Amino acid sequence: MWLALAGIVMFFAAFTSAYLVMQGRSAWQSFKMPDIFWFSTVAILLSSLTMHWSVKTFKAREMSKYKILITVTAVLGLVFMLCQTIGFGDLY
């Protein structure tokens with residue numbers, strides 16, 4: 001898992017550096033990022049929190065709270081995917 005995480009971080013760093021290098025060129029076309037990406041960022045951060053809380057409630061054997069939190073996590077994941085789909089559709 002750590003190896004996969006390191007690979008993902010390196011992949012992200014490579015894309016970020018390529019973006020910064022290409023942005024400095026004269027042929028670069030500037031564009032505005034769709035605002036919906038901010039909502040998707042909030043959704044994925046909130047889903048991380050609810051996932052953390054659901055694991056804690058599962059370990060504490062509070063199954064009713066766990067079911068609610070894991071459902072909220074799943075819904076936030078779907079919201080994230082929907083926002084990403086709309087955002088990349090706008091970019092296209």
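As the structure is a computational prediction, the values presented were derived from the model and not from experiment.
Minimum interatomic distance between F39 and C83 (heavy atoms only, all atoms of both residues): CB-SG, 4.2 Å. Closest heavy-atom contact between T73 and M51: OG1-N, 3.4 Å. Annotation for L91 and P34: closest pair CD2-CD, 3.6 Å, computed over non-hydrogen atoms.
Taking OG from S48 and CH2 from W53, the interatomic distance works out to 11.0 Å, rounded to the nearest 0.5 Å. Remark: T85 OG1 to I36 CD1 distance equals 9.5 Å, nearest 0.5 Å. Interatomic distance, L45 CG to F80 CZ, rounded to the nearest 0.5 Å: 9.5 Å. For the atom pair OG of S40 and CG of L82, the computed distance is 10.0 Å after rounding to the nearest 0.5 Å. The line from OG1 of T41 to CG of L46 is 11.0 Å long, rounded to the nearest 0.5 Å.
Follow the hydrophobic side-chain contacts under 4.5 Å out from V55 and you reach F58 in the same cluster. Taken together through direct or relayed side-chain contacts under 4.5 Å among Ile, Leu, Val, Met, Phe, Trp and Tyr, L69 and L49 form part of one hydrophobic cluster. With hydrophobic clusters built from ILVMFWY side chains whose heavy atoms lie under 4.5 angstrom apart, I8 does not share a cluster with L3. Hydrophobic cluster membership differs between M33 and I44, with clusters built from Ile, Leu, Val, Met, Phe, Trp and Tyr side chains linked at under 4.5 angstrom.
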Practice task
Under the ring-ring contact (aromatic ring centres under 6.0 Å, His included) rule, what do F15 and F11 come out as? Steps first, then yes or no, please.
Solution key: CA-CA 6 Å; F15 274 131; F11 198 62; 4.7 Å; yes
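Within the 4.5 Å cutoff, the side chain of Q84 has heavy atoms near those of the F37 side chain. Proximity of T57 to M63: side-chain heavy atoms (C-beta onward) are nowhere separated by under 4.5 Å.
S47 pairs with exactly one of V79, V42, L76 by the side-chain contact (heavy atoms from CB on, under 4.5 Å) rule, that one being L76.
In this structure, L20 places its CG atom where more than 12 heavy-atom neighbours from other residues, nucleotides or ligands lie under 6.0 Å away.
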